[in-house]
Undergrad: 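Below are the structure tokens for one structure; questions will follow.
Small disclaimer: the values here were computed from a predicted structure and weren't measured. These values consider heavy atoms only, across backbone and side chains, with no hydrogens, waters or symmetry-generated copies. Throughout, a chain's letter reflects where its sequence line sits, starting with A, and its residues are numbered from 1.
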Number of protein chains: 2
Amino acid sequence: MLRSYEDLRIKEPNLGRDSLTERELDIMSVLWRYESGTVSEVREGLADEPGYTTVLKILQILEEKGAIRHETEGRAYRYYPLVAPEEEGGRALKKILDKIFHGSAELMLARLVSDTEISRDQIERMRLLLEDAASRAEEEDR
Amino acid sequence: MLRSYEDLRIKEPNLGRDSLTERELDIMSVLWRYESGTVSEVREGLADEPGYTTVLKILQILEEKGAIRHETEGRAYRYYPLVAPEEEGGRALKKILDKIFHGSAELMLARLVSDTEISRDQIERMRLLLEDAASRAEEEDR
DNA sequence: TCACGTATACGAAGGATGTCGTAGACAGGA
DNA sequence: TCCTGTCTACGACATCCTTCGTATACGTGA
């Protein structure tokens, strides 16, 4: 990179607001997967089942943050996500792209491909997706 | 998704090791960008310049965590990253892929393309990258 | 020599997270 | 009726992050 500190054009913005923490993300993940869940159900969905009240507490924190809501179901509450995974994912990806890969989407994609197990089918579909994006961009130019 | 909670094959793992927090990531980002930095330099690299000792403190925490090291330079310390951005980025991407996109790399890529501004050049290079990956995978099959 | 500016070290304060224990509400069965 | 099991509510507590204020060291210039 080798930029000079006198280069004041680049400043690391501190955007990161009420992003989800590790445990909160665990729980959102369960809710996204099953579309909703009671405290017990969410608890069962976690690999290390924490205490019942622990899960409840974090659900309450998430509700406080506006990430989920609940409805009464019998004697229990059923929680529903209010933010879609794609939305949260977009935020998270943008953060990584900016702060870690400094805007290079291809570096990021290279790391994704080399670092994780992705099936050939998936790679093929991803390739087609980019082909579409490229041709769509070209069309816009005309 | 509509899976049943009786489907116990899927459990949300709690991997969450000592991952970097928001502010820590801000500071790592500066160090990655410039390859090294003193306290003052890092501070200047942040959009909202926090207090000098605040930056120092977080650098000390990062050193404690093993993410950076320092050398004496004159009367000051110069800090160097010990983890590469690609490494940290790989971890972060895997987390997002698993917990938010539930393993669907193409959904993730779709969101990346639709959500962020990526130049046509970049898209083209990404497409080539996937082409390579695909043909390499095919070769391995033979 | 002495003040000043620049460094790091130390520790405290405030807030959030993640853990849970306990209390209280309530339904259903013995 | 009363016990038991299942809920949520509330609050405690340890830990961590982030923010600084203050103390201390040290080199340089007047």
Undergrad: Can you sort out the partners of B:Arg136 under side chain to side chain contact (heavy atoms under 4.5 Å, CB included), two or more places apart, ordered by chain and number?
TA: B:Asp132
Undergrad: Please state how far atom CD1 in B:Ile58 lies from atom C1' in D:dC20, giving the value in whole angstrom units.
TA: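 One finds 11 Å between C1' of D:dC20 and CD1 of B:Ile58, rounded.
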Undergrad: Main chain of B:Leu25, side chain of B:Ser29: is a donor-acceptor contact present, judged purely on distance under 3.5 Å?
TA: no
Undergrad: Can you check the B:His70 NE2 to C:dA7 P distance for me, whole Å?
TA: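 Taking atom P of C:dA7 as the reference, NE2 of B:His70 is at 15 Å.
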Undergrad: What one-letter contact string describes nucleotides 25-30 of chain C from 5' to 3', where B marks a base within less than 4.0 Å of any protein heavy atom, S marks contact via sugar-phosphate atoms alone, and - marks no contact?
TA: BBS---
Undergrad: For D:dA9 and A:Tyr77 - does any side-chain N or O of the residue sit under 4.0 Å from the phosphate oxygens OP1/OP2?
TA: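 Result: yes.
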Undergrad: For B:Ile68 and B:Leu59, which heavy atoms make the closest approach, and how far apart are they?
TA: CD1-O, 3.3 Å
Undergrad: Just N and O in the side chain of B:Thr54: are any of them under 4.0 Å from OP1 or OP2 of D:dT18?
TA: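 The answer is no; no side-chain N or O of B:Thr54 sits under 4.0 Å from OP1 or OP2.
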Undergrad: For the pair made of CZ in B:Arg78 and C1' in C:dT8, what is the distance, rounded to whole Å?
TA: 16 Å
Undergrad: Mapping B:Val39 and A:Tyr52 to their closest nucleotides on DNA chain C, which lands nearer the 5' end?
TA: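 Residue closer to the 5' terminus by nearest nucleotide: B:Val39.
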Undergrad: Rounded to whole Å, please give me the gap between CG in A:Leu59 and P in C:dT17.
TA: 14 Å
Undergrad: Tell me if a side-chain donor or acceptor on A:Gln122 pairs with a main-chain N or O of B:Ala105 at a distance below 3.5 Å.
TA: yes
Undergrad: Just the rounded figure in Å: distance from C1' of C:dA7 to CD of B:Glu41.
TA: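 Rounding to the nearest Å, CD of B:Glu41 and C1' of C:dA7 are 14 Å apart.
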Undergrad: Got a sec, which residues hit side chain to side chain donor-acceptor pair (under 3.5 Å) with A:Glu71, two or more places apart in sequence or on another chain?
TA: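 Partners of A:Glu71 under the side chain to side chain donor-acceptor pair (under 3.5 Å) test: A:Arg69.
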Undergrad: For the backbone of A:Ala134 and the side chain of B:Arg120, can you confirm whether one donor and one acceptor N or O come within less than 3.5 Å of each other?
TA: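 Checked: no pair found.
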Undergrad: Does B:Gln60 have a side-chain nitrogen or oxygen under 4.0 Å from the phosphate oxygens OP1 or OP2 of C:dA9?
TA: yes
Undergrad: Angle, rounded to 10°, between the helical axes spanning five pairs at each terminus of the helix from C:dT1-D:dA30 to C:dA30-D:dT1?
TA: 30°
Undergrad: When you measure from the side-chain N and O atoms of A:Ser40 to the phosphate of D:dC7, is any distance below 4.0 Å, counting only OP1 and OP2?
TA: yes
Undergrad: Do B:Tyr79 and B:Leu56 come within less than 4.5 Å of each other through their side chains, counting heavy atoms only?
TA: yes
Undergrad: Which atoms of nucleotides 11-16 of chain D (N or O only) lie under 3.5 Å from a protein N or O atom, and what are those distances?
TA:
none

Undergrad: Would you kindly give the CD-to-C1' distance between A:Glu73 and D:dC7, to the nearest whole Å?
TA: 13 Å
Undergrad: List the atom pairs, with distances to 0.1 Å, where a side-chain N or O of residues 83-90 of chain A and a protein N or O form a donor-acceptor pair under 3.5 Å, not counting sequence neighbours.
TA:
| unit_1 | atom_1 | unit_2 | atom_2 | d |
| --- | --- | --- | --- | --- |
| A:Glu88 | OE1 | A:Arg91 | NH2 | 2.7 |

Undergrad: Given D:dT18, C:dT19, C:dT8, which nucleotide is nearest the side-chain atoms of B:Leu56?
TA: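 Of the candidates, C:dT8 comes closest.
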Undergrad: Just one of B:His102, B:Lys95, B:Lys94 clears the side-chain hydrogen bond (donor to acceptor under 3.5 Å, both in side chains) bar with B:Asp98, so which one?
TA: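 Considering B:His102, B:Lys95, B:Lys94, a side-chain hydrogen bond (donor to acceptor under 3.5 Å, both in side chains) with B:Asp98 is found only for B:Lys94.
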Undergrad: Does the distance from a Lys or Arg side-chain N to an Asp or Glu carboxylate O, for A:Glu131 and A:Arg127, drop under 4.0 Å?
TA: yes
